[in-house]
Asker: 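I am attaching a structure below and will ask some questions about it afterwards.
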2 protein chains.
Amino acid sequence: MTETSAQPEGTPAPRTRIQRRKREAILEAGLTVFSQEGFRGATLDRIAAEAGLSKPNLLYYFPSKEAIHTELLTGLLHTWLDPLRALDPAGDPLAELLGYVRRKLLLARDYPRESRLFANEILQGAPRMRPALEGELRALVEEYATVIKGWIDAGHIAPIDPVHLIFSIWALTQHFADFEVQVRAVLGSEDPFEGAEAHLDTVFRRILRPDADGPRTSA
Amino acid sequence: MTETSAQPEGTPAPRTRIQRRKREAILEAGLTVFSQEGFRGATLDRIAAEAGLSKPNLLYYFPSKEAIHTELLTGLLHTWLDPLRALDPAGDPLAELLGYVRRKLLLARDYPRESRLFANEILQGAPRMRPALEGELRALVEEYATVIKGWIDAGHIAPIDPVHLIFSIWALTQHFADFEVQVRAVLGSEDPFEGAEAHLDTVFRRILRPDADGPRTSA
DNA sequence: TCTTGATTTGACCAATCGGTCAAAGAGACG
DNA sequence: CGTCTCTTTGACCGATTGGTCAAATCAAGA
């Protein structure tokens, strides 16, 4: 029959050069639009326009709006957790943690749309990411919380709840991507990320500095 | 003519008891839906259903979707900045700042939808709040940054960028409302806010503790 | 009771939504 | 040149969107 048998499938590797390029452009556009408007607020027309394609042409490369969003989210968690995975249990604790903070901040600076896409998904109750959060994310956090706990018990850094420490790192770094407009509104023309790097370095040095008056967590 | 002259206007005080009640219900429903789906993602049908009204009936009390959203945002910034305004320049610096952190955290716990509505607006580039951010918000931050600067210069708290300190307080407290699903996914059944309060208290005590090795900001 | 104004709703509208389809175009190879 | 596959698009579809409107209902006073 007149079967359009060559329609590219959802995820598998694109065969031709042009397919790779157009799929890339669509994901780029989808990232821009989804991160700004959320899933429901985004429209195929806007994504298609942003990618420089007609809507039917966009739907030739992706079977649905959902498929674009899913593919974006799939890669996201991995990318987002990479800096945590780069944390070396055998390294110097303070340097490792400060390095993690810095990498996370640079990620927020260089990939703000990805950060906002993630934020949007979480804000909406993580309807499509919940399993990944309760599975992969939770496991990874627990793993590195144990590492941090080890550093604390060894006296290398000040005692602090490791999981909440990780939350704090996320919150303080992603804030500069997710709330960029607000930060810029307050700072004016000043570049947010320059001040941020020095500030976060200072902040986490103070939080983690092991010394002086001993443990005060239970007080 | 058959003029429906009694249609309540956008903002002014509702005349009857029933108007006050229904408008309240609509704003409640709007808060729930807008905070979850963002402006574009929210639908009048869902808001009406959530409020227990028919769509035309909802539009009898508010002239448009935009009007509901605007009214919600208008009250929001004020409520959100109140804890900062409660900061007493004549009080004990550490206690004042820790109190501010605590109040902000309780706000995030008790009014998570408001926090998420705000986050959604910022994420979308603050299309309806930009003026308020660059005006009221910025002015208030600068005002209290000066207060904090005074405390630092007097040696009451450790030297730190006051504006970034405020950003950090916002980020660390709002995180528990805006990213609640993620936090809960990691913590499991544990109540996020119990651990959070102790953690943030510890964190900001360490950040603000003035002592020991003198200024290290310019190093 | 009747009247008057406030409230509620079913039916409807134009615009936009996600998505389909058949047909037209483009490129590669013989 | 013809042909085969990949790509692109205009026209279109049913559903949903924000919003309107005239008519119905309700509440309370005269």
Side-chain angles (χ1 to χ4, degrees), chain A residues 1-10 12-27 29-30 33-34 36-72 124 127-128, chain B residues 1-10 12-27 29-30 33-34 36-72 124 127-128:
Chain A
M1 304 298 174
T2 330
E3 209 184 333
T4 320
S5 61
Q7 186 119 356
E9 310 88 2
R15 273 174 292 284
T16 78
R17 206 174 322 126
I18 188 163
Q19 281 199 9
R20 211 171 305 132
R21 250 189 280 235
K22 299 259 161 142
R23 282 180 58 96
E24 198 61 36
I26 292 169
L27 289 174
V33 178
F34 281 130
Q36 230 179 71
E37 311 273 14
F39 181 75
R40 292 218 53 201
T43 71
L44 284 182
D45 289 280
R46 235 200 96 183
I47 297 175
E50 202 96 13
L53 280 77
S54 67
K55 186 167 59 172
N57 197 12
L58 180 149
L59 286 163
Y60 171 73
Y61 292 101
F62 285 88
S64 66
K65 178 182 175 181
E66 181 87 39
I68 306 175
H69 192 252
T70 299
E71 187 145 331
L72 283 170
Q124 281 159 34
R128 300 155 224 271
Chain B
M1 302 299 174
T2 330
E3 208 183 333
T4 321
S5 60
Q7 186 121 353
E9 311 87 2
R15 273 174 292 284
T16 77
R17 206 174 322 126
I18 188 164
Q19 281 200 9
R20 211 171 306 130
R21 249 189 282 235
K22 298 259 160 140
R23 281 180 60 95
E24 199 61 36
I26 292 169
L27 289 174
V33 178
F34 281 131
Q36 229 178 72
E37 311 273 14
F39 181 75
R40 292 219 51 201
T43 71
L44 285 182
D45 289 280
R46 235 199 97 184
I47 297 175
E50 202 95 13
L53 280 76
S54 68
K55 187 168 58 172
N57 197 13
L58 180 150
L59 286 164
Y60 171 73
Y61 291 102
F62 284 89
S64 66
K65 177 182 175 182
E66 181 87 38
I68 306 174
H69 192 251
T70 298
E71 187 146 332
L72 282 171
Q124 281 158 35
R128 299 155 224 272

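Within every chain, numbering begins at 1; the chains are lettered A, B, ... in the order of the sequence lines, protein sequences first and strands thereafter. The analysis underlying the following values was restricted to heavy atoms, covering all of them including side chains, and did not include hydrogens, waters or symmetry mates.
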Asker: Could you go through the side-chain contact (heavy atoms from CB on, under 4.5 Å) check for A/Glu37 and A/Arg46 one step at a time?
Answerer: CA-CA 11 Å; A/Glu37 311 273 14; A/Arg46 235 200 96 183; 2.9 Å; yes
Asker: Are OP1 or OP2 of D/dC6 and a side-chain N or O of A/Lys22 less than 4.0 angstrom apart?
Answerer: no
Asker: Quick one: which of D/dG19, C/dT20, D/dT8 gets closest to the side chain of A/Tyr61?
Answerer: D/dT8
Asker: Picking from D/dT17, D/dT8, C/dT9, which would you name as closest to the side chain of B/Ser54?
Answerer: C/dT9
Asker: Provide, to the nearest angstrom, the distance between the CG atom belonging to B/Leu53 and the P atom belonging to C/dG10.
Answerer: 12 Å
Asker: OP1 or OP2 of C/dT8 less than 4.0 angstrom from a side-chain nitrogen or oxygen of B/Tyr60, does that happen here?
Answerer: no
Asker: Select from B/Leu58 and A/Glu66 the residue whose nearest nucleotide in DNA chain C is closer to the 5' end of that strand.
Answerer: B/Leu58
Asker: Counting only side-chain nitrogens and oxygens, does A/Gln19 get under 4.0 Å of the OP1 or OP2 atom of D/dC6?
Answerer: no
Asker: Describe, in one word, how the ring planes of B/Phe34 and B/Phe39 are oriented to each other, choosing from parallel (under 30°), tilted (30 to 60°) and perpendicular (over 60°).
Answerer: parallel
Asker: Between A/Asn57 and D/dT9, is there a side-chain N or O to OP1/OP2 distance below 4.0 Å?
Answerer: yes
Asker: Looking only at the side chain of A/Asp45 (C-beta and beyond, no hydrogens), which of the listed nucleotides C/dG18, C/dG19, D/dT7 gets closest?
Answerer: C/dG18
Asker: Using side-chain heavy atoms (C-beta onward) and a distance below 4.5 Å, is A/Val33 in contact with A/Thr43?
Answerer: no
Asker: Can you see if the side chain of A/Lys55 gets near the phosphate of D/dT8 - specifically, an N or O under 4.0 Å from OP1 or OP2?
Answerer: no
Asker: Just how far, in rounded Å, is C1' of C/dG18 from CD1 of A/Ile68?
Answerer: 11 Å
Asker: Can you tell me which nucleotide in C/dG19, D/dG19, D/dT17 comes closest to the side chain of B/Thr43?
Answerer: D/dT17
Asker: Could you check which of D/dG19, C/dT9, C/dG19 has an atom nearest any side-chain atom of B/Lys65?
Answerer: D/dG19
Asker: Out of C/dT9, C/dG18, C/dT20, which nucleotide sits closest to the side chain of A/Leu44?
Answerer: C/dG18
Asker: NA contact type, A/Arg40, heavy-atom cut-off 4.0 Å: base, sugar-phosphate, or nothing?
Answerer: sugar-phosphate
Asker: Could you check if a side-chain atom of A/Ile47 sits within less than 4.5 angstrom of a side-chain atom of A/Leu53, using non-hydrogen atoms only?
Answerer: no
Asker: Quick check on DNA chain D: between B/Phe39 and A/Gly52, whose nearest nucleotide comes earlier from the 5' end?
Answerer: A/Gly52
Asker: Assign A/Ala48 to base, sugar-phosphate, or nothing according to its heavy-atom contacts below 4.0 angstrom with the strands shown.
Answerer: nothing
Asker: Side chain of B/Lys65, backbone of B/Ala42: donor and acceptor closer than 3.5 Å?
Answerer: yes
